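Okay, structure first, notes after.
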Amino acid sequence: MANEKIILTGDRPTGKLHVGHYVGSLRRRVELQNSGKFDKIFIMIADAQALTDNADNPEKIRQNIIEVALDYLSCGIDPTKSNIFIQSHVAELCELSFYYMNLVTVSRLQRNPTVKSEIQMRNFETSIPVGFFTYPISQAADITAFKATTVPVGEDQLPMLEQTKEIVRKFNSVYDDVLIEPEILLPDNKACLRLPGTDGKAKMSKSLGNCIYLSDTEKDVKTKIMSMYTDPNHIRIEDPGQVEGNTVFTYLDAFCKPGHFEEYLPEYANLQELKDHYSRGGLGDVKVKKFLNNVLQEELNPIRARRKEYEKDIPEIYNILKKGSEVAREKAAQTLAEVKAAMKINYFEDAELIKEQAEKYGQN
Ligand code: TRP
């Protein structure tokens, strides 16, 4: 159907999802799902992509698929409205990637900023796995297979979307107008674009131990907040404090809603007043941290409660993923058929070709 509005997005199952994933994309996906504005929603657990830099540790991926699925469901992704599926179980995606590879140059892949920085981060240097190097192409297959119009992801995925659009334009101009150019949907709040770790470091990462996970207990979350990085020069309460680069305030920017002050900190009208007081001096870190704890727990409590329910029937979660993968496969197969027809490599369905060749050999 033309003009359908379709969402495709996903995550690599290399660990549990954290609050950075939540404000960066998950929260938005749930809103979009419940807006009723989309005809179809596909949410993919990108296990095949996760394997591109974890070839020696498939067990890690195997263990984390259920974690990511539980995180999705507990955030409010509703399997009756959104189709959750597993990338490796949609074989058509590989076939699409194989054809798209011919439309992309090695030097273009080398210039992809996300690939570049990931190569550095992983110390691949000269031993870059080919599968890893080409994953932007496979990601273009993920997006185009579902004719996605909208891709809600974090900022780090911008270069992937750029590359996807280029492949779409190239395919459509070389062959036929089959593929849809997707639009990226980034968080509208700056703090949500890249939520720092609890230690103030730019990136949350499991190995740094600076993440707040969606599945953390109330107690763990509180401990992590109370030891969060703030302004190292704000030693006594009377000292003026720095708000910029202060993790506690960045988290408040990402999570605080107007009603929170009335409920937990009525002596301030809004976040700006709290920030002004902190900058002037006379406001202690503990008070701000306790407020953040209230705000964050309020957001995480319903997520934890839903998780508890879903955890009661794990085989059913695998069932949801299996059914979701079947639905995804149908859609991807349809696109693949259109792609092959546009490339005219659907020989057996091409009566004209068969007739033409027969005539060439003197048969009428
Ligand atoms: N690259 C994404 C991540 O690292 C996962 C992903 C794979 C994805 N294919 C996608 C996201 C397609 C959006 C669209 O989490």
Side-chain angles (χ1 to χ4, degrees), residues 6-26 28-29 32-33 38 40-54 60-61 64-65 67-69 71-72 75 77 82-90 92-94 96-97 100 109 112-119 121-122 131-168 179-187 193-195 203-206 211 214 324-325 328 331-332 335:
I6 300 178
I7 289 178
L8 176 287
T9 182
D11 301 274
R12 296 182 193 178
T14 51
K16 295 175 170 197
L17 301 181
H18 51 62
V19 292
H21 293 114
Y22 183 72
V23 295
S25 174
L26 278 176
R28 189 61 160 294
R29 293 180 201 171
L32 295 172
Q33 168 196 272
F38 289 86
K40 290 194 187 98
I41 302 172
F42 294 95
I43 302 189
M44 180 180 76
I45 301 184
D47 64 332
Q49 188 177 106
L51 284 166
T52 64
D53 64 337
N54 285 285
K60 175 163 115 190
I61 313 304
N64 279 304
I65 283 174
E67 296 300 333
V68 172
D71 286 332
Y72 283 164
C75 284
I77 298 290
S82 298
N83 202 69
I84 311 175
F85 72 98
I86 311 251
Q87 186 183 28
S88 66
H89 282 60
V90 182
E92 286 76 7
L93 298 176
C94 301
L96 283 173
S97 303
Y100 294 172
L109 282 173
N112 184 310
T114 305
V115 175
K116 250 176 151 169
S117 77
E118 286 178 325
I119 285 172
M121 244 163 50
R122 288 166 177 71
F132 178 81
F133 185 61
T134 57
Y135 92 74
I137 301 175
S138 120
Q139 191 152 336
D142 300 336
I143 295 168
T144 55
F146 301 95
K147 302 230 168 136
T149 52
T150 310
V151 184
V153 280
E155 189 191 28
D156 59 324
Q157 298 297 307
L158 243 172
M160 300 299 149
L161 267 288
E162 279 311 309
Q163 185 122 42
T164 301
K165 286 186 196 180
E166 283 174 34
I167 291 174
V168 169
L179 304 179
I180 305 284
E181 261 191 61
E183 221 180 286
I184 189 169
L185 202 57
L186 294 171
L193 276 178
R194 190 160 287 228
L195 199 69
K203 213 172 151 60
M204 262 193 243
S205 105
K206 195 176 169 185
C211 309
L214 294 169
S325 302
K331 177 76 186 169
T335 304

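On a predicted model such as this, the values are computed, not experimentally measured, just so you know. Atoms within each ligand, like the ligands themselves, are counted from 1 in listed order.
Between Phe85 and Ile43 there is no side-chain heavy-atom pair separated by less than 4.5 Å. At a threshold of 4.5 Å between non-hydrogen side-chain atoms, the residues Phe42 and Ile7 do not count as touching. Counting heavy atoms from C-beta on, the side chains of Thr9 and Ile41 never come closer than 4.5 Å. At a threshold of 4.5 Å between non-hydrogen side-chain atoms, the residues Glu92 and Lys331 do not count as touching. Under the 4.5 Å side-chain criterion, counting only non-hydrogen atoms from C-beta, Asp71 is not in contact with His21. Pro182 is listed as a side-chain neighbour of Leu161, based on a closest heavy-atom distance under 4.5 Å.
With a heavy-atom cut-off of 4.0 Å, Asp156 does not touch ligand 1 at all.
The ligand atoms of ligand 1 that sit less than 4.0 angstrom from a heavy atom of Ala46 are 7 (C). Of all atoms in ligand 1, listed by their number and element, those nearer than 4.0 Å to a heavy atom of Arg12 are 3 (C), 4 (O), 15 (O).
Ligand 1 has no N or O atom lying under 3.5 Å from any N or O atom of Tyr135, backbone or side chain. Considering backbone and side-chain N/O atoms, Gln157 comes within less than 3.5 Å of an N/O atom of ligand 1.
Among all protein heavy atoms, the one lying closest to atom 1 (N) of ligand 1 is Gln49 OE1, 2.7 Å. In terms of protein heavy-atom proximity, atom 13 (C) of ligand 1 is closest to Val153 CG1, 3.6 Å. Protein heavy atom closest to atom 9 (N) of ligand 1, with residue, atom name and distance, is Asp142 OD2, 2.8 Å. Nearest protein neighbour of atom 14 (C) of ligand 1, counting heavy atoms only, is Leu8 CD1, 3.5 Å. Atom 8 (C) of ligand 1 has its closest protein heavy atom at Gln139 NE2, 3.4 Å.
Cation-pi geometry between Arg12 and Tyr135 is satisfied (NZ or CZ under 6.0 Å from the ring centre, within 45° of the ring normal).
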Verdict with supporting geometry, Thr114 and Asp156, side-chain hydrogen bond (donor to acceptor under 3.5 Å, both in side chains): CA-CA 7 Å; Thr114 305; Asp156 59 324; over 6 Å; no
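Between Met44 and ligand 1 there is a heavy-atom distance shorter than 4.0 Å.
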